[in-house]
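Heavy atoms only: backbone and side chains are in, while hydrogens, waters and symmetry mates are out. Numbered from 1 within each chain, the chains take letters A, B, ... in sequence-line order.
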Number of protein chains: 2
Amino acid sequence: MVRIKDIAKEANVSEGTVDRVLHNRGGVSKKTEEKIKSILERRNFSINPVASALAMKNNHSIAVLIPEYNETDSFWKLPYLGLLKASEEVKSIGVNVTYFKFNQYSRESYLETFNRLIETKPTAVVLVPMFLQETNLIIDELKKIEATYVFLNVDVEGVDSSAYVGQDSYMSGYIAGKLMKLGVPNGFDCCILQTSTSTGDNQAILKRVKGFKDYFNTSQDENVLHELKVDSFSDDVQLASSVHQFLENNPNIRGVFVPSSRISAVVDVLSDVQKQSLCLIGFDNTPQNVACLKNGTVLFLISQKPFDQGYEAVRIVSDHLVKNKVLKEKLYLPIDILTKENVDYNDANQLMFEKDLNQ
Amino acid sequence: MVRIKDIAKEANVSEGTVDRVLHNRGGVSKKTEEKIKSILERRNFSINPVASALAMKNNHSIAVLIPEYNETDSFWKLPYLGLLKASEEVKSIGVNVTYFKFNQYSRESYLETFNRLIETKPTAVVLVPMFLQETNLIIDELKKIEATYVFLNVDVEGVDSSAYVGQDSYMSGYIAGKLMKLGVPNGFDCCILQTSTSTGDNQAILKRVKGFKDYFNTSQDENVLHELKVDSFSDDVQLASSVHQFLENNPNIRGVFVPSSRISAVVDVLSDVQKQSLCLIGFDNTPQNVACLKNGTVLFLISQKPFDQGYEAVRIVSDHLVKNKVLKEKLYLPIDILTKENVDYNDANQLMFEKDLNQ
DNA sequence: TAATTTTTCGTGTGCGAACACGCAAATATA
DNA sequence: TATATTTGCGTGTTCGCACACGAAAAATTA
């Protein structure tokens with residue numbers, strides 16, 4: 001590893017001078033500056049971030065505002081694990097990450113948790129902007145203290161943010177449309193199944209639906225696209241009756257697209273015959289969904305790569321804080337197509353980390 | 001932030017003593033140890049990882065043996081970039097990575113390059129085991145100096161390694177089979193197109209073909225599977241004549257599977273009508289292949305995630321060296337299904353790194 | 001009690017970079 | 001030419017921790 005000392009020796013100057021050109025602090029003659037710069041280039045020097053962090057007494061802090069999770073509602077576990085993994089890595093370069101979890105169904109919890117967060121005076125914030133109105137309040141506060149903030153998983157239109165880390169929802173829906181066309185024989189229909197009222201992330205769901213429809217409309221083959229809206233995915237009985245009635249009225253349907261993460265709930269109310277004959281496509285690798293994928297009921301799941309979202313969010317923010325890298329406005333993660341066969345490989349990374357965590 | 005110095009003062013001992021109990025190095029009386037431990041607990045002390053990392057100055061070295069690349073044969077560029085990215089990250093924790101590139105078509109180059117590598121006495125080696133016989137010689141040498149070594153991209157049967165980082169070739173072929181079934185209408189045929197002689201990574205290709213065939217055989221629908229072997233993908237004229245003749249003799253064919261990374265060469269010799277009517281599935285996101293994907297000629301590409309392979313290989317080895325983490329024997333990377341629509345998102349990571357590199 | 005061994009602990013140096021202080025050389029002013 | 005001012009640069013200290021060396025204190029032996 002090349003050190004400042006090495007560069008200084010080679011240039012016949014002192015370490016202080018090298019330091020000056022590195023941080024272009026001025027006070028160096030043109031000639032020696034050029035000389036040093038060329039040596040830096042040639043030796044491919046880069047500042048040792050660890051020593052730098054120590055000397056600077058770097059104490060960046062990233063605060064994360066994220067929904068809490070439990071067994072039944074485990075979607076937010078994976079982003080959290082990804083955040084944790086990155087946190088561990090950046091600790092050694094002087095970046096500290098703290099977590100604040102809120103109830104994703106409560107606006108009050110969202111705001112109240114943020115208020116606790118802001119008291120710790122973080123240098124940067126990663127947040128999941130669940131509620132539009134409250135998010136605007138939050139952004140105002142963050143601007144006051146000049147904290148950089150990035151949105152995680154949920155992209156809010158019309159609110160300016162430093163960056164967004166997540167999926168391109170429109171395109172993921174578009175791809176779902178393509179896969180659906182492949183899975184449904186020509187001449188048959190399919191339908192989009194969603195709740196009439198949605199919480200928080202409905203922005204993403206709307207965009208997925210739009211992408212899905214757009215693919216259907218641009219494609220030559222003629223398949224009719226139906227829509228079914230249900231009250232809730234949690235009420236088994238009602239869901240079952242809605243779905244059965246709908247399928248009876250539209251016997252030509254061979255594909256069902258569920259743009260939320262709840263396709264497993266739909267599978268639970270289908271008969272064996274229906275499971276066999278329908279091409280089911282949904283979102284997110286929750287344990288329940290993965291189970292449906294593995295037993296062959298669901299043909300494709302589209303993954304948002306939640307683990308990677310958390311990981312990347314912390315990485316880009318800390319690179320920004322420590323190395324002054326510019327924040328890319330939109331960091332779109334890969335749109336993963338999961339099948340029965342490849343799903344295990346996709347989870348390997350996070351599983352490995354989880355295992356390490358428990359030791 | 002509480003420092004060792006603070007603890008020492010409070011306990012009326014020197015920093016050295018606190019250090020001893022922190023790392024239980026021994027040589028501390030029971031009484032003072034207890035006292036210090038309780039203070040550590042009470043003050044909620046934790047080692048400053050930044051200072052710790054700096055002071056430890058780990059000095060591990062990883063040597064990488066990998067094929068060289070150029071414009072026409074660019075496959076190995078991406079693993080190399082991934083290796084580079086990881087190298088940068090681990091530099092700050094005292095791990096140094098050096099590269100040794102060989103000509104992938106020359107056994108002599110392979111061995112000769114390794115000999116240069118081994119002279120640098122690395123603590124660990126990442127290598128692409130191209131030639132079986134020579135690899136055995138290499139492994140013998142590595143065992144002598146007790147270096148840990150991991151295989152990258154190519155998994156060699158019957159040779160024991162510390163670990164393998166790459167794709168599960170069998171399963172990736174299996175998935176290609178599934179996708180092919182989706183893309184080819186019932187009642188039509190498809191074919192596997194490969195060279196009769198293959199170099200280096202033919203192990204992987206054989207396994208892919210096996211997986212592909214297995215999916216076809218287990219599936220209920222009846223599609224006939226043909227096989228076409230050509231002399232070389234580089235000889236346009238001959239390739240064209242072979243392919244055209246074959247397709248004329250088998251007019252029922254609607255799908256072509258190319259288990260190597262050269263599907264773009266096949267596309268180049270197809271007529272527009274053939275491009276329209278055939279379902280083409282291949283491997284690897286080389287620039288040429290990605291172009292075919294984007295213009296709609298190729299329906300799916302399966303990616304080996306070459307960038308990630310390089311990245312992960314260095315990461316797991318350095319985690320092993322620095323943090324004593326156990327090496328997982330097989331680190332299978334996700335089997336990525338690439339389409340026209342999602343391919344851009346999949347490359348984003350490596351593109352970003354490449355851009356940073358050029359600044 | 002003196003000599004020796006063992007236990008227990010303090011001191012000092014280095015890791016690589018950041019930055020303040022201040023001296024010498026170069027340039028400007030009288 | 002002597003003095004003042006700027007410019008260019010070297011030196012020394014600090015960050016918090018790891019680890020080696022060796023000294024004082026305690027325990028053992030003669």
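A donor-acceptor contact closer than 3.5 angstrom links the side chains of B:Asp347 and B:Asn285. Under the 3.5 Å distance criterion, with hydrogens and angles disregarded, no donor-acceptor pair is assigned to the side chains of B:Tyr345 and A:Gln167.
With hydrogens and angles ignored, the 3.5 Å screen pairs no side-chain donor or acceptor of A:Tyr149 with any backbone N or O of A:Ile138. Of the possible donor and acceptor atoms, none in the side chain of B:Ser52 sits under 3.5 Å from a partner among the backbone N and O of B:Asn48.
Using a 4.0 Å cut-off between charged nitrogen and carboxylate oxygen, A:Arg315 and A:Glu89 count as a salt-bridge pair.
Note on residues 113-128 of chain B: pairs passing side chain to side chain donor-acceptor pair (under 3.5 Å), not counting sequence neighbours, are B:Glu112-B:Arg116.
Residues B:Phe151 and B:Tyr164 place their aromatic rings such that the two centres sit no closer than 6.0 Å.
For the helix from C:dT1-D:dA30 to C:dA30-D:dT1, the end axes, each set by the C1' atoms of five terminal pairs, are bent relative to each other by 50° (nearest 10°).
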Just by protein heavy atoms under 4.0 Å, how would nucleotides 9-21 of chain C read 5' to 3' in B, S and -?
BBB--BBBBBB--

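Rounded to an integer number of Å, the gap from B:Ile36 CD1 to C:dT8 P is 13 Å.
B:Glu33 pairs in a side-chain hydrogen bond (donor to acceptor under 3.5 Å, both in side chains) with only one of the listed residues (B:Lys35, B:Lys37, B:Lys31, B:Lys30), which is B:Lys37.
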